[in-house]
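First comes the structure, then the notes that go with it.
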Amino acid sequence: MPNDSRIGTRGQQMVHLFDNESQAINLFLDVLREKRKRGYRPKGPVDIQRI
């Protein structure tokens, strides 16, 4: 359930129901492609040092 909001607001939520897993995966990949078109990129790996 994606939640897009500004700090201090409730934002918006969308619920999608699917008949099978492949439909859910296809929507996820479509959303990912659209975000990447707009410049969103995944963060690089985070190096966590042990104490």
Side-chain angles (χ1 to χ4, degrees):
M1 206 177 335
N3 182 359
D4 297 324
S5 63
R6 292 178 180 224
I7 296 173
T9 64
R10 295 192 67 148
Q12 299 176 354
Q13 292 183 342
M14 292 172 50
V15 177
H16 299 277
L17 302 175
F18 303 99
D19 293 330
N20 57 52
E21 185 178 2
S22 66
Q23 290 177 338
I25 292 169
N26 286 335
L27 178 63
F28 169 77
L29 293 175
D30 288 345
V31 170
L32 184 63
R33 282 186 209 100
E34 288 298 316
K35 284 185 170 276
R36 289 203 171 159
K37 278 186 197 175
R38 286 186 251 135
Y40 286 84
R41 295 288 181 253
K43 289 183 178 181
V46 177
D47 183 29
I48 300 174
Q49 296 182 9
R50 295 183 181 248
I51 298 177

Using the side-chain contact (heavy atoms from CB on, under 4.5 Å) criterion, which residues pair with R41? Sequence neighbours excluded. R36
F18: side-chain contact (heavy atoms from CB on, under 4.5 Å) partners, not counting sequence neighbours: H16, Q23, A24, L27
Does I25 belong to the same Ile/Leu/Val/Met/Phe/Trp/Tyr cluster as V31, with side-chain heavy atoms less than 4.5 Å apart forming each link? no
